Every structure is written in structure tokens, then in C-alpha cells.
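Here the structure is a predicted model, which means the values were calculated and not measured.
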Number of protein chains: 2
Amino acid sequence: MTSQTPATPVRDTRQRRAVRELMASTDAFRTAQQVHDDLRAAGESVGLATVYRTLQSLAEAGEVDALRQPEGEMAYRRCSDGHHHHLICRNCGRTVEISATEVERWAERVASQHGFRDAGHELEMFGLCDRCPD
Amino acid sequence: MTSQTPATPVRDTRQRRAVRELMASTDAFRTAQQVHDDLRAAGESVGLATVYRTLQSLAEAGEVDALRQPEGEMAYRRCSDGHHHHLICRNCGRTVEISATEVERWAERVASQHGFRDAGHELEMFGLCDRCPD
DNA sequence: CTGTATGCAAACATTTTGCATAAGC
DNA sequence: GCTTATGCAAAATGTTTGCATACAG
């Protein structure tokens with residue numbers, strides 16, 4: 001589960017570099033479309049399909065975190081390694097990374113108690129942060 | 001948050017009844033498309049758009065639980081009241097309801113530790129149940 | 001040179017919407 | 001009868017894919 005055979009060598013292209021740099025430069029979750037717009041605004045135009053493909057491959061490589069927003073679109077964010085969750089302000093989008101050893105253990109226990117194996121979980125928290133009114 | 005002004009009275013139609021009965025009859029998560037197919041198979045044909053509209057309204061009314069599957073489609077399930085989570089077999093769809101007092105408390109604590117208020121969370125677990133091979 | 005990555009447009013899948021018609025109350 | 005609900009087809013969304021071309025190695 002840690003390394004997969006790189007079916008393809010992954011080439012170092014301008015586009016891939018642009019996406020990686022953009023993701024490295026921010027701390028927020030961005031959708032493929034946002035990344036596409038950001039890049040175009042920065043003059044580093046990259047095709048939308050390429051942005052999708054690149055973000056997916058970065059996610060598989062573990063360089064970015066992928067999550068599905070409540071509305072259904074995928075969003076990506078540069079990410080520290082390892083499994084963890086997020087606490088996201090639903091007003092301003094500010095994100096706090098949470099490593100939840102506690103929850104991991106709980107999840108594993110619950111799964112096996114019910115006879116489930118190979119279990120994973122998805123947990124995201126949404127709230128209003130202390131910098132946001134109402 | 002318990003009662004909302006019924007903008008529209010909600011009429012008792014054959015279609016709505018069919019959807020509600022179908023949802024009442026099963027214990028599994030069904031997508032709108034599946035419900036549509038099930039109904040057609042049962043001879044109680046209902047337009048797909050109507051199924052979507054009805055499931056949404058049932059979800060808003062709290063009669064069914066709505067969740068977004070990892071693949072991105074919405075799925076609905078008849079549901080006991082109150083907040084809880086699910087452990088879902090990613091092969092056969094079998095679902096176990098989990099009331100996670102432990103997690104609720106943990107979530108609340110983490111949120112307030114980070115200065116977040118009005119926090120909610122989304123947690124779903126996916127695995128392989130003991131009736132499913134590999 | 002060889003073969004992967006890109007861009008574009010078309011294909012896709014899911015969900016939403018406009019509008020004429022059917023039907024609940 | 002007045003008005004909401006339905007069905008259909010079209011539109012909207014977000015994402016993926018086929019294919020010719022560009023370009024990294």
C-alpha cells in the first residue's frame with residue numbers, strides 16, 4: 001500500500017511543473033477548474049484535461065490530498081504525508097489538518113467488530129472558524 | 001432546525017407513494033437511478049426526474065438519509081432518526097448503522113480546540129463484509 | 001527516435017431545469 | 001379550478017477519453 005509499480009515513468013513537463021508549483025504555493029483546497037483558472041491567470045496556461053490528469057496522478061502519488069466536497073466536486077490540496085482528516089471553515093475555507101489517531105483506532109475496531117476487513121473511512125469536519133462571524 | 005415552513009403542501013401522488021414505499025421496503029442505499037429501475041421493474045414506473053425530486057424532498061424532510069458515495073453519486077436510504085454513521089460493504093452494499101458517541105465527542109472536542117463552532121462532520125466507512133470474498 | 005504527455009473536442013454520467021400536461025385538493 | 005407534481009427532453013455540471021501532435025528522455 002506504500003509503493004506501486006510506476007506503470008509509466010512520469011515525465012517532467014512544463015504543465016506538470018506548473019500544477020505542482022501552484023499546489024505547493026497554496027494551502028487551500030482547489031478544484032481542477034480553479035487550478036486551471038489560476039494557471040491561466042498566471043500566464044502558465046494548461047489544458048483543463050491535463051489539469052485533471054495531473055491532479056489525479058499527484059493524488060495517487062500522495063503528493064496532494066483529494067477530497068470530495070459536499071457539493072460533489074473533487075478538491076485537492078498539498079498535503080503532509082500520512083492519513084489524516086480536515087477541519088474546514090465553511091465560510092472562509094480555512095483548513096486545519098487533523099491527525100486522528102484516536103479515530104483511526106476506533107474505526108478499525110468498529111469495522112472488525114462487524115466483520116469488515118480492508119476498511120477505510122472518510123471523515124471531514126466543517127464548521128465556522130473563530131475569524132468568521134455568524 | 002426541526003420544522004421548516006412547508007413552502008408547498010406536498011401532494012400525495014402515486015409516484016411519491018411508490019418511491020416512499022420502495023425506500024421503506026429496503027435497507028440498502030439506493031441511487032436515484034436504481035430506485036427508478038426498481039420501480040420500473042415493479043411496474044410502478046416513475047419518471048427519473050421525479051425520482052430525483054422526490055428523493056431530495058424526502059431527504060429534506062428527514063425521511064431518508066442522503067450520502068454521497070466515493071464515486072460521487074448520491075445514495076439514499078431509509079433511516080432511523082438521529083445522527084449516526086454507516087459502515088458500508090463496498091462490494092455488496094450491505095450497510096451497518098453506527099452510532100458513534102465516541103466519535104461525536106471527539107469531533108466536538110477537536111473542533112472547539114481549534115476555535116471552530118457550529119461544527120458538523122461527515123464520516124462514512126467502507127470495507128468488505130464477511131459475506132464477500134476478496 | 002520512441003513513446004508518453006498534451007490539447008482539443010467529443011463523449012460521458014449524473015443531476016437539474018423548462019415547459020406543456022396531468023392530476024391532487 | 002387553481003396550483004402543484006409529473007414526464008420528457010434539453011441543458012448544465014463535472015469529469016473522462018480518443019486521437020493527432022508536441023516534446024521529454
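- Annotation for B:Arg20: atom CZ does not count as buried by contact number, only 12 or fewer foreign heavy atoms lying within 6.0 Å.
- Residue B:Gln69 places none of its side-chain N or O atoms closer than 4.0 Å to OP1 or OP2 of C:dT14.
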Quick test: give all pairs of protein nitrogen or oxygen and nucleotides 15-18 of chain C nitrogen or oxygen below 3.5 Å, distance rounded to 0.1 Å.
unit_1: C:dT15; atom_1: OP1; unit_2: B:Met74; atom_2: N; d: 2.8
unit_1: C:dT15; atom_1: OP2; unit_2: B:Tyr52; atom_2: OH; d: 2.5
unit_1: C:dT16; atom_1: OP1; unit_2: B:Gln56; atom_2: OE1; d: 3.2
unit_1: C:dT16; atom_1: OP2; unit_2: B:Gln56; atom_2: OE1; d: 2.4

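- To the nearest angstrom, C1' of C:dT6 lies 15 Å from CG of A:Leu55.
- Here A:Asp130 pairs with A:Arg94 in a salt bridge; the nearest charged N to carboxylate O distance falls below 4.0 Å.
- In this view, A:Ser57 and A:Arg16 satisfy the side chain to side chain contact (heavy atoms under 4.5 Å, CB included) rule, not counting sequence neighbours.
- When the options A:Val19, A:Leu55, A:Thr31 are evaluated for a side-chain contact (heavy atoms from CB on, under 4.5 Å) with A:Tyr76, the one that passes is A:Leu55.
- Using a cut-off of 4.0 Å between Lys/Arg side-chain N and Asp/Glu carboxylate O, B:Glu122 and A:Arg68 are scored as not salt-bridged.
- One can place NE2 of A:His36 at 14 Å from C1' of D:dG14, the figure rounded to the nearest angstrom.
- Distance A:Gln15 CD to C:dT4 C1': 12 Å, rounded to the nearest Å.
- Five base pairs at each end of the helix from C:dC1-D:dG25 to C:dC25-D:dG1 define two local axes, and these are offset by 30° (rounded to 10°).
- Within 6.0 Å of the CD atom in B:Glu108, the count of heavy atoms belonging to other residues, nucleotides or ligands does not exceed 12.
- When only modelled atom types and interatomic distance are considered, A:Tyr52 and A:Gln33 share a side-chain donor-acceptor pair under 3.5 Å.
- Applying the salt bridge (Lys or Arg N to Asp or Glu O under 4.0 Å) test to every pair with at least one member in residues 42-54 of chain B, sequence neighbours left out, gives these pairs: B:Arg14-B:Glu44.
- Here D:dG7 presents its P atom at 10 Å from CG of B:Leu39, a figure rounded to the nearest Å.
- Atom CD in B:Gln34 sits roughly 10 Å away from atom P in C:dT14 (whole-Å rounding).
- Using cut-offs of 30° and 60° for the angle between ring planes, the B:Phe29 and B:His86 rings count as perpendicular.
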Provide a list of protein-nucleic acid N or O atom pairs under 3.5 angstrom, restricted to nucleotides 21-25 of chain D.
unit_1: D:dA24; atom_1: N3; unit_2: A:Arg11; atom_2: NH1; d: 3.3
unit_1: D:dG25; atom_1: OP1; unit_2: A:Asp12; atom_2: N; d: 3.4

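- For A:Arg17, the side-chain hydrogen bond (donor to acceptor under 3.5 Å, both in side chains) partners two or more places apart in sequence, or in a different chain, are A:Asp12.
- With hydrogens and angles left out, the side-chain atoms of B:His84 and B:Glu104 include no donor and acceptor closer than 3.5 Å.
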